[in-house]
Amino acid sequence: MKKKIFVTRKLLKENEEKLKNLFDVTLNKDDKIYTSQEIISGSMNYDGILSSVTDSMDADTILKLSNSIKIIANGAVGFGNIDIQAARQKEITVTNTPDVLTDATADIQILLLLGASRKVYEGRIAAETQNWKWSWDFLLGKQMSNKRLGILGMGRIGRAVAKRAKAFNMEIHYHNRSKLSSDLEDGAIYHKDLKSLFEKSDFLSINCPATPDTKNLINRETLSYLKENTVVGNAARGDVVDDDAMVEALKNGTVFAYGLDVYNGEPKIHSEYLKLKNIFLLPHLGSATKRTRWDMAFRATKNLEDFFSGKKPKDQVN
Ligand code: GLV
């Protein structure tokens with residue numbers, strides 16, 4: 001008998017076809033974002049869940065899931081939306097989808113840093129409203145080439161950002177829980193603490209996962225370590241940044257401009273971010289290419305397949 005999988009969001013057609021071949025699936029045709037209660041009741045008597053980044057699977061939700069649920073295959077590399085502790089307690093396996101979105105997300109991170117530093121938001125408005133003329137001092141940004149890039153979180157995506165930044169002749173610095181092997185470092189300079197990284201960086205790329213340890217890691221105190229006029233990009237998670245502190249830094253010039261793709265409490269966006277000019281916003285597009293989205297959902301499907309055939313899924317995170 002096919003295993004029953006509850007799919008929380010509408011996937012691309014090819015991914016839904018594949019799932020239908022392998023499992024007895026319930027799809028979300030209207031792509032409604034389910035509440036926790038809807039996930040709990042909708043997945044009753046199912047064997048597994050294929051979740052997305054928009055599903056809040058907090059401890060309360062996980063603990064109330066039907067005992068029949070044995071796996072949550074999250075269709076994302078980040079799994080901050082899932083309470084891993086509660087999943088462990090409930091003996092639910094959790095998987096993610098690393099690797100397949102590294103390039104797409106690193107591309108977006110470069111776009112965020114460029115979009116912020118080169119005043120793309122203001123430029124777009126000026127062009128759109130036809131309210132501009134070329135002048136020597138019109139919308140002067142900060143050049144990314146030949147500067148120092150600080151990377152916070154040197155995992156797969158951080159390293160892919162570093163690789164791209166080298167094409168801009170940037171000097172790469174990083175902070176990570178531990179120093180990487182020189183092979184993985186590939187010439188990047190390690191900083192044991194955040195303060196020393198922040199003091200050095202002209203541009204700062206946030207690439208660390210959302211965990212209880214990284215929540216609000218960018219706060220009033222850590223922002224004060226930055227040099228004046230640093231450009232910051234965040235393609236990781238909104239939770240890593242204390243938004244009020246960031247708004248203050250954007251207003252007082254510590255941060256020259258902030259490019260971000262991810263938000264605290266998405267899809268809501270801090271109201272001040274919508275008012276400030278030195279900001280470049282995208283609506284969580286990090287992995288938004290067709291190829292990448294296919295690969296993410298296929299990878300989540302493979303994790304389900306492996307799990308139900310008795311193998312340890314490659315991407316198990318708990
Ligand atoms: C996207 O945000 C992901 O974590 O995959």
- is_close_aromatic(Tyr258, Phe280), centroid dist under 6.0 Å: no

- Query: Among the clusters formed by ILVMFWY side chains lying less than 4.5 Å apart, do Met144 and Phe256 turn up in the same one?
  - Reply: yes

- Item | Close side-chain approach of Val262 and Asn234, heavy atoms under 4.5 Å | yes

- Indicate yes or no: at least one non-hydrogen side-chain atom of Tyr174 is less than 4.5 angstrom from one of Leu180. yes

- Does a side-chain heavy-atom distance below 4.5 Å link Tyr263 with Leu281? yes

- Query: Any donor-acceptor pair under 3.5 Å linking the side chain of Ser117 with the backbone of Gln143?
  - Reply: no

- Message: For Lys20, is there an ion pair with Glu17 - N to carboxylate O distance below 4.0 angstrom?
- Response: yes

- Query: When you check the gap from the basic side-chain N to the acidic O, do Asp202 and Lys142 get nearer than 4.0 Å?
  - Reply: no

- Query: Roughly how far, to the nearest 0.5 Å, is the CG atom of Leu226 from the NZ atom of Lys200?
  - Reply: 13.5 Å

- Task: Evaluate whether atom NZ of Lys179 has more than 12 neighbouring non-hydrogen atoms of other residues, nucleotides or ligands under 6.0 angstrom away.
- Result: yes

- Note on the structure: So CD of Glu38 and OG of Ser43: to nearest 0.5 Å the spacing works out to 11.5 Å

- Message: Under a plain distance cut-off of 3.5 Å, with no hydrogens placed, do Asn169 and Asn146 share a side-chain donor-acceptor pair?
- Response: yes

- Task: Could you tell me whether Arg299 and Asp295 have a side-chain N and a carboxylate O separated by less than 4.0 Å?
- Result: no

- Side chain to side chain, Ile82 and Ser51, heavy atoms closer than 4.5 Å: yes

- Can the ring centroids of Trp134 and Trp132 be said to lie less than 6.0 angstrom from one another? no

- Query: Distance-only, no hydrogens or angles: does the Asp47 side chain make a donor-acceptor pair with backbone N or O of Lys4 under 3.5 Å?
  - Reply: yes

- Message: Less than 4.0 angstrom from a charged side-chain N to a carboxylate O is my criterion; do Asp213 and Arg177 meet it?
- Response: no

- Task: Apply salt bridge (charged side-chain N to carboxylate O under 4.0 Å, His left out) to Glu16 and list each qualifying residue two or more places apart in sequence or on a separate chain.
- Result: none

- Take atom NZ of Lys18 as the centre, draw a 6.0 Å sphere, and report whether it contains more than 12 heavy atoms from other residues, nucleotides or ligands. no

- Message: When you compare the side chain of Phe168 with that of Leu114, does any pair of heavy atoms fall below 4.5 Å?
- Response: yes

- Is the closest basic N to carboxylate O distance between Asp31 and Arg9 below 4.0 Å? yes

- Query: Is there a donor in the side chain of Ser205 and an acceptor in the side chain of Asn207, or the other way round, less than 3.5 Å apart?
  - Reply: yes

- Task: Please report the shortest heavy-atom distance between Asp103 and Arg164, naming the atom on each side.
- Result: OD1-NH2, 3.1 Å

- Does one side chain, of Lys251 or Asn278, offer a donor that lies under 3.5 Å from an acceptor on the other? no

- Query: Side chains of Asp99 and Thr102: donor-acceptor distance under 3.5 Å anywhere?
  - Reply: no

- Task: Taking the six-membered ring of Phe23 (Phe, Tyr or Trp), confirm whether the NZ or CZ of Lys2 is under 6.0 Å from its centre and within 45° of its axis.
- Result: no

- So, Asp55 versus Ser52: side-chain donor-acceptor pair below 3.5 Å or not? no

- Task: For atom CD of Glu228, decide whether the heavy atoms of other residues, nucleotides or ligands shown that lie under 6.0 angstrom number more than 12.
- Result: yes

